[in-house]
Asker: 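Supplied in structure tokens, the structure appears directly below.
Excluded from the calculations below are hydrogen atoms, water molecules and symmetry mates; all remaining heavy atoms, backbone and side chain alike, are included. Throughout, numbering of the chain's residues begins at 1 and tracks the sequence. Every number for a ligand or one of its atoms is a count from 1 in the order of the listing.
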Amino acid sequence: MDDYALISSITKLKSQKNALILAHNYQLPEVQEIADYVGDSLSLCKLAINSKEDIIVFCGVRFMAETAKLLNPQKTVLLPNLSANCPMAGMVDRNDLRKLKRRYSDAKVVCYVNSNVEVKAESHICCTSSNAIDIVHSQSSDRIIFVPDRNLGSYVEKYISTKEIIKMEGYCPVHASVTLEDVYREKKERPNAKVLVHPECTSDVREAADFIGGTESIIQYAIASDDREFLIGTELGVLHRLRNSCPDKEFFMLSDELVCPDMKKISLKSIYNALLWEEDPIKIDEDIYEQAADSLHKMLSITS
Ligand code: 13P
Ligand code: SF4
């Protein structure tokens with residue numbers, strides 16, 4: 001089947017089966033085009049919880065599809081390519097976290113949604129890149145264990161001086177690959193360009209940036225800005241929305257390494273097959289379901 005036939009078959013299946021297609025900002029352009037909604041982790045969480053459809057096809061990585069399932073236990077959630085995993089989510093496991101919780105028994109655990117379900121179940125509350133500062137701030141304890149992203153943790157630390165942040169050692173291999181040299185080199189080429197980076201970048205890169213924010217904030221910043229040129233320090237997929245939303249502005253990547261291979265595993269063909277066969281829907285272990293869902297519901301009750 002060519003792309004045209006796939007698009008029409010997906011559209012038909014979607015209405016026959018009452019399905020919703022959600023896509024993260026890092027998805028391939030053709031996947032973003034077929035989706036009902038495209039957004040960041042937080043907006044997709046909210047859309048999933050408010051959706052009326054029976055099936056959610058989640059075009060993203062596993063932790064995102066698991067999040068949708070945790071928020072919608074009664075719905076079928078399909079991840080079109082089951083091998084699409086966020087490597088950072090696998091960097092910290094439940095046992096590592098339990099050890100740290102025993103050591104710092106007074107601390108609250110704030111867990112980035114880029115984590116596995118067991119880690120969410122061990123945490124007090126979840127956060128995303130767009131609400132991490134507010135969520136940490138909202139916690140009553142003076143000590144926070146932040147999992148799994150050490151870079152997002154150190155970004156939060158910069159804004160919250162009243163709490164001690166114990167960071168675990170996870171990181172995003174894609175964002176952590178951007179270097180200060182990349183920023184200097186690209187800035188030399190385009191001295192007027194504004195540098196917009198994700199908080200998953202390392203602290204030296206963040207410090208050299210004009211704006212730090214999650215994917216949706218980066219898009220909104222570019223839309224609102226009077227500047228014309230931007231250097232982008234997050235995954236390549238955001239260029240699709242940036243260029244569509246700001247046809248009069250120019251966007252360049254800070255580095256060629258900013259491609260998340262797992263985010264690129266979802267294709268039109270895999271969406272079609274997922275909807276057709278409904279094979280291997282996301283399942284959550286019953287023993288941890290309630291605790292993991294609770295950490296997400298707590299986040300959603302705080303964040304606007
Ligand atoms: P956002 O929540 O900012 O979209 O980021 C998700 C992600 O995986 C970043 O690498
Ligand atoms: Fe995970 Fe990084 Fe890919 Fe985001 S870009 S899904 S944090 S590996």
Asker: Going by the order shown, which atoms of ligand 1 are within less than 4.0 Å of some heavy atom of Y26?
Answerer: 7 (C), 8 (O), 9 (C), 10 (O)
Asker: Could you find the nearest protein heavy atom to atom 6 (C) of ligand 1 and give me its residue, atom name and distance?
Answerer: S41 OG, 3.4 Å
Asker: Have a look at E122 and tell me which of K99, K108, K101, R94 forms a salt bridge (Lys or Arg N to Asp or Glu O under 4.0 Å) with it.
Answerer: K101
Asker: Identify which of Y26, Y171, Y112 has a heavy atom lying nearest to atom 4 (Fe) of ligand 2.
Answerer: Y26
Asker: As a check for students: among M263, E235, E200, identify the option with a heavy atom nearest to atom 10 (O) of ligand 1.
Answerer: E200
Asker: Check whether NZ of the Lys or CZ of the Arg R190 lies under 6.0 Å from the centre of the six-membered ring of F252 and within 45 degrees of that ring's axis.
Answerer: yes
Asker: Between C260 and atom 3 (Fe) of ligand 2, is there a contact where an N/O/S atom of the residue lies under 2.8 Å from the metal?
Answerer: yes
Asker: Considering heavy atoms of the protein only, find what lies nearest to atom 8 (O) of ligand 1 and give residue, atom and distance to 0.1 Å.
Answerer: N114 ND2, 3.2 Å
Asker: Nearest non-hydrogen atom to atom 5 (O) of ligand 1 belongs to which of M64, E216, H198?
Answerer: H198
Asker: How far is atom 1 (Fe) of ligand 2 from its nearest protein heavy atom, and which residue and atom is that?
Answerer: C86 SG, 2.4 Å
Asker: Which heavy atom of the protein is the closest neighbour of atom 3 (O) of ligand 1, given with residue, atom name and distance?
Answerer: S129 OG, 2.7 Å
Asker: Can you tell me how far the CG atom of N85 sits from the CE atom of M263, to the nearest 0.5 Å?
Answerer: 11.0 Å
Asker: Nearest protein heavy-atom contact for atom 8 (S) of ligand 2: which residue, which atom, what distance?
Answerer: P87 CD, 3.3 Å
Asker: Name the orientation class of the two ring planes belonging to Y26 and H175 (parallel below 30°, tilted from 30 to 60°, perpendicular beyond 60°).
Answerer: tilted
Asker: May I ask you to check whether C172 brings an N, O or S atom to under 2.8 Å from atom 2 (Fe) of ligand 2?
Answerer: yes
Asker: Heavy-atom pairs closer than 4.0 Å: do any link ligand 1 to the side chain of H24, the backbone, both, or neither?
Answerer: side chain
Asker: Would you kindly specify which portion of T215 sits under 4.0 Å from ligand 1, judged on non-hydrogen atoms: side chain, backbone, both or neither?
Answerer: both
